[in-house]
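Working notes, beginning with the structure itself.
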2 protein chains.
Amino acid sequence: MRASDRAYAALKSDIVEWRLIPGTVLAEVEQSARLGVSRTPLREALARLSAEGLTAAQTGRGVVVTDISLAKMTQLFDVRLALDCKAAELAAVHRDPHVFTALAQRFEAASSLIAGADPDRRDYYALVSELDVAVDDAADNQFLRQAQGQLRAQLVRIRRLAKDNSERLLASAAEHAQIARSIAGGNTDLAIAATKIHLHNSLAHLLASKLSFDAGFAPSRKAHLNG
Amino acid sequence: MRASDRAYAALKSDIVEWRLIPGTVLAEVEQSARLGVSRTPLREALARLSAEGLTAAQTGRGVVVTDISLAKMTQLFDVRLALDCKAAELAAVHRDPHVFTALAQRFEAASSLIAGADPDRRDYYALVSELDVAVDDAADNQFLRQAQGQLRAQLVRIRRLAKDNSERLLASAAEHAQIARSIAGGNTDLAIAATKIHLHNSLAHLLASKLSFDAGFAPSRKAHLNG
DNA sequence: TCCGCATTCTCTGTATACACGGCGCGGGCT
DNA sequence: AGCCCGCGCCGTGTATACAGAGAATGCGGA
């Protein structure tokens with residue numbers, strides 16, 4: 001694997017998992033030393049991250065990890081609403097029914113995943129990713145896939161803010177199961193409706209979590225600067 | 001201005017204006033010599049172009065200018081339908097009525113622009129861009145803006161394939177006027193409907209142009225390779 | 001004559017050295 | 001004592017040198 005790919009993957013992982021918090025300045029020499037690559041591939045990695053919006057280039061001061069405001073989360077979900085609904089619509093037309101029926105069944109049995117010991121619920125989120133990939137594959141649209149990819153990087157980072165209690169996750173699983181069943185049935189209207197429902201509930205949950213997160217943990221902006 | 005920015009702008013211009021046709025291999029040393037920059041900033045420019053989908057990195061053989069198939073045009077407009085409708089919807093909510101009323105009036109008087117001498121209709125397309133920018137500004141959504149930006153780069157290139165006769169351009173102007181008036185009126189449903197109409201007609205026109213273009217000018221794939 | 005292998009050549013990927021610019025700090029002047 | 005100017009350092013932006021990998025071509029054998 002190329003050094004620039006390793007640097008990109010490492011930085012992206014560090015950002016979405018909050019090891020590098022918003023506001024952190026990513027100096028080239030510092031990061032290249034930390035990651036064990038030279039400045040050239042690191043610059044390529046930073047350019048890719050900036051194109052995805054995970055970092056932003058500040059004139060003279062290098063690139064900084066972007067922050068996530070309430071307004072941005074709402075904006076993100078506005079675009080997700082448009083893209084995910086279109087993806088669900090296209091997938092419902094071109095889908096292989098067996099694939100989505102199988103996914104629906106796994107979501108309907110997801111309570112075992114959610115009840116598991118892992119506090120990060122990796123098994124459950126892996127299943128969600130499987131559905132995302134299946135929808136992308138069925139939609140078969142490279143532009144849609146590309147646009148979705150950029151949004152999902154932000155989304156994984158936002159997810160860490162959410163208080164993922166079992167209650168919400170069980171509801172989320174049911175919503176995903178509804179989406180998968182609708183796509184399996186080839187019902188575009190239903191697939192779109194189910195997607196709208198899910199995104200609405202997800203955003204509502206995230207906004208509530210973000211409010212309590214800001215209130216309880218990082219009330220001032222200073223906490224973002226001493227990374 | 002930075003050398004990487006100049007290289008990016010020059011290459012992007014060369015690609016969207018068909019001076020570099022699809023299939024052309026952009027070797028780093030060759031292009032860096034042609035553009036008068038060194039390989040490092042050129043690589044950054046190529047990376048940005050590849051992220052936008054105007055070029056694609058082929059393992060070992062460098063980056064090549066991507067081609068535009070009928071299927072890709074349809075895919076592109078599927079995503080545009082989702083994003084432009086969402087943009088129109090958001091713009092209709094947050095708009096400044098005066099801005100869009102003025103734009104609607106200019107589109108209604110656009111026959112003078114279309115009747116002009118310029119075969120490329122730059123004045124008219126500049127007006128279209130003004131509307132795009134106004135919608136983006138009114139929608140006020142950075143993620144939407146980012147996704148739109150990537151699609152529009154492809155679109156400008158596709159536009160060059162279209163046989164822009166006065167008839168279609170007059171109809172297009174009327175459709176844009178309808179969109180602007182709907183947004184000015186704050187009517188989201190109407191703005192979405194007008195956008196759908198316009199995109200449908202645009203795609204139909206482009207597909208017809210592409211068919212005759214492929215049939216009359218580049219029937220074989222060889223023409224893409226000797227760039 | 002055709003297929004396969006090896007060699008060579010070119011191109012990418014990476015590292016490093018250098019230049020330019022901005023920002024901060026310290027000293028001097030008012 | 002406060003403000004302004006200048007010097008120095010750190011940071012990015014660019015150029016270039018080097019190494020490794022992949023593809024094309026040519027030669028030899030079947």
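Naming convention: chains lettered A, B, ... in sequence-line order (proteins, then strands); numbering from 1 in each chain. Everything quoted here is computed from the prediction, not taken from an experiment.
- Side-chain contact annotation: B:Arg43 with B:Ser4, donor-acceptor N/O pair under 3.5 Å absent.
- Using modelled atom types, one finds a donor on one side chain and an acceptor on the other under 3.5 Å when comparing B:Gln31 with B:Arg34.
- Computed from coordinates, the A:Glu44 CD to C:dA15 P distance equals 12 Å when rounded to whole Å.
- Look at CG on B:Leu42: it is 10 Å from P on D:dA15, rounded to the nearest Å.
- Distance check, rounded to the nearest 0.5 Å: CG of A:Asn141 to CG of A:Leu90 gives 6.5 Å.
- Straight-line distance from the CD atom of A:Gln31 to the P atom of C:dA15: 15 Å, rounded to whole Å.
- Listed nucleotides: D:dG11, C:dT16, C:dC11. Nearest to the side chain of B:Val29: C:dC11.
- Remark: B:Arg152 does not engage B:Glu52 in a salt bridge, criterion side-chain N to carboxylate O under 4.0 Å.
- Between B:Ser4 and D:dG13, a side-chain N or O to OP1/OP2 separation shorter than 4.0 Å is absent.
- Remark: P of C:dT14 and CG of A:Leu35 are 13 Å apart, rounded to the nearest angstrom.
- Rounding to the nearest 0.5 Å places NE2 of A:His205 at 5.0 Å from CG of A:Asn165.
- Straight-line distance from the CZ atom of A:Arg2 to the P atom of D:dG22: 12 Å, rounded to whole Å.
- For the pair B:Arg48 and B:Tyr8, the cation-pi test (distance below 6.0 Å, angle within 45°) is passed.
- Of the candidate nucleotides C:dA15, D:dT14, C:dT12, C:dT12 has the atom nearest to the side chain of B:Arg43.
- The distance between atom CE of A:Met1 and atom P of D:dA21, rounded to the nearest whole Å, is 16 Å.
- Atom CD in A:Glu28 sits about 16 Å away from atom P in C:dA17, given to the nearest Å.
- Along DNA chain D, the nucleotide nearest A:Thr40 and the nucleotide nearest A:Val63 are compared for position; the residue whose nucleotide lies closer to the 5' end is A:Val63.
- The base of D:dG11 has none of its N or O atoms less than 3.5 Å from a complementary donor or acceptor on the side chain of A:Arg39.
- Within the 4.5 Å cutoff, the side chain of B:Gln148 has heavy atoms near those of the B:Asp84 side chain.
- Atoms CG (A:Leu46) and C1' (C:dT14) sit 16 Å apart, rounded to a whole Å.
- Each end of the helix from C:dT1-D:dA30 to C:dT30-D:dA1 gets its own axis, taken as the rotation carrying the C1' atoms of four end pairs onto the next four within a five-pair window, and the two axes meet at 10° to the nearest 10 degrees.
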